[in-house]
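Below: one structure, written as C-alpha cells.
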Number of protein chains: 2
Amino acid sequence: MNDQSSVPGRSDPTTWVGVDPSKDYTRPPPLTRPRIVRTALSLVDEKGLAALTMRALATELEVSPMALYNHVRDKDELVDLMVDLMLAEVDTSVTEGDWLTQLRALVRSYHQALAAHHELARVYSVRVRIGPHGLLIMERTVALLLEAGFSPAEASDVFFVLFIYTAGFQQIGDVVPRRDSATREETGYYPPLPPQQIPAITAVSSHLNGPHRPGRFDYGLELLLAGLQIKIAQPEKAAAAPQ
Amino acid sequence: MNDQSSVPGRSDPTTWVGVDPSKDYTRPPPLTRPRIVRTALSLVDEKGLAALTMRALATELEVSPMALYNHVRDKDELVDLMVDLMLAEVDTSVTEGDWLTQLRALVRSYHQALAAHHELARVYSVRVRIGPHGLLIMERTVALLLEAGFSPAEASDVFFVLFIYTAGFQQIGDVVPRRDSATREETGYYPPLPPQQIPAITAVSSHLNGPHRPGRFDYGLELLLAGLQIKIAQPEKAAAAPQ
DNA sequence: ACCTGAACACCGTTCAAGT
DNA sequence: ACCTGAACACCGTTCAAGT
C-alpha cells in the first residue's frame, strides 16, 4: 500500500553515511521533483489512473496540495515526467546481432516497460510530449532503420508504425461486450445479437474473451517485422499502397 | 457552430409532412437518446473531447443537465453510445475480391471512420465497450480471417493486432518535443539534446515533424497484410515468436 | 414518465499570506 | 525559495420536488 520504503529516507541507515548533519532528518524526505514523480507513478501503478489527483498525491507525500506547484507547472507536466520515468526502463543499449534482432529487442523492451505500468500507458499515446528517454528510444529505433537501409522518409513511417502498435497495445482490454446478461436486460443497453448473427465471433469466442493472450504482442510484432524484411528485399515499391 | 440545422426539426418544412398535429412543434425537437448522442458527437467533433461535459451538452440541447439522465445512465454510457454511432459509418458490406482485398477495404473504412472523428477516437481504445456496430465490424473481420484459413486462435490474434493498430493510429499526434525553444528555456522542462547526440533523428527530422503523413496508415497496414500473407503461405510456424 | 433547481462531493488551480 | 489555507470556477451525479 504505502511504498515509501523504496524511497531513500530517514529509516534506511545506509543513507546516513555522509549526509549533511545540519539538516533535520526526523521529517520525511524533502519534496523534490524526482520524489514527486516517483510517488505519482507508484500511486498510478497501485491505484489506477483515476486515483491520480493533485490532492491525493499531496496527501501521499504528506504535504499541502499547493506545495506540488513549486516543483511542477501543472498536472500535464507531471504526467509528461511520469511517462519519461517509465520510459527510462527501456533498454536501449543492445548492440548484438543484425538490425532486425536489435530492433526486435528494442521494441520488446519498450513493450515491457509499458506493460509494467499499463495504467500510465493508457494515457501515453493520447498525449505524447516526448522527453529525454523517449528521444533516446526514438533515436535508437530510427538509427537501426537507417542502418538497415530504409530511406529517411520510410524510416520515419516505420518508426511511427512500431510506436503506434506498441503504445496502442496496452490500451486494449477485452473487446467483447462488458455487460453481462443481467445488466444488459436491466438497461437494454447493448441488445445481444443472437449467435447465428455472429457466427465467426461465436466460433472464436473462447480466444477473444478476456485480456491479452501471452504472446499476442509478439505475434503482431513478428507480422510487422516480416513485412519490413520484404520491404528491404524489394525496395522499389517503397510506401506505395493500392488505391 | 450551432449544428442544429442537420437535426430534423421545426424549421425544416419537409419534416412537416405527415406529422402528428397534436404535438407542439414550436418547441425544439423532443429529447431522445439518439438526438442526445448525435449532438454529443458533433459537439466533440467541433470543440474537442474536453468540451464534452454533461452541462455543456445540456445547454446545447436547451435543457437542464439532469434531463439527460432520463435517457442515459451516466457519461460513460453516453461515450459508449457515441463510439457506436461513429462505428456505424464503417462499411462492412464489401464482398468483392478475395479475403485480402476485402480485409484491406474493411480496415481502411474502419480507419476512415475513426479519422473523421479523431477527437472521439482518442478515447476509443482506452475504454472499449463494444456495441452492435462494433460487433458487426468484428464479425466481418474474423469471418474473413477464418475464410482465409487462419485458425480460431490465430484469427483472434490477427483481429486484435489490426484493431490495435487502427485504433492506436488516431491517438498519435506529433511525437517530437512540443515545447518550442522559448518555452523550453523558460522551464528547463525538456533539456534539448544537441543534434550530435541524436544524429538519426536529425537526419529524418523533416519527416518526423508534424502530423501524420498521408498514406502513413496504409503503409503500416500493408506491412501487416504482407506479414499475414506469409503466415498463410507457411502455416506451420503459426504464432511462434523467438524467445 | 419526464424535467427542474438546489445541493453534494469532488476536481485543478489562483491568490494572498506566511516562513 | 518554499509552503500553506482559503477560495474560485468548474466537474458528475444524487435528491427531492414539480408536471
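These figures come from a predicted structure and were not determined experimentally. The sequence lines fix the lettering, A, B, ..., with proteins before strands; numbering per chain opens at 1.
- Contact of the A:M82 side chain with the A:H117 side chain is not registered, since no non-hydrogen atoms from C-beta on lie closer than 4.5 Å.
- The closest side-chain heavy-atom distance from A:L221 to A:H111 is not below 4.5 Å.
- Helical stems in DNA chain C, defined as runs of 3 or more consecutive Watson-Crick or G-U wobble pairs with donor-acceptor distances under 3.5 Å: C:4-8 with D:12-16, C:12-16 with D:4-8.
- Side-chain atoms of B:Q170 do not come within 3.5 Å of backbone N or O of B:R122 as any donor-acceptor pair.
- Here the two rings, on B:F217 and B:Y165, have centers that are under 6.0 Å apart.
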In B/S/- notation, 5' to 3', how is nucleotides 2-13 of chain D contacted by protein heavy atoms closer than 4.0 Å?
SBBB-B---BBB
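- B:R38 is listed as a side-chain neighbour of B:L85, based on a closest heavy-atom distance under 4.5 Å.
- Annotation: side chain of A:L87 is in contact with side chain of A:Y110 (closest heavy-atom distance under 4.5 Å).
- A perpendicular orientation is assigned to the rings of B:F163 and B:F160, their planes being inclined by more than 60° (bins at 30° and 60°).
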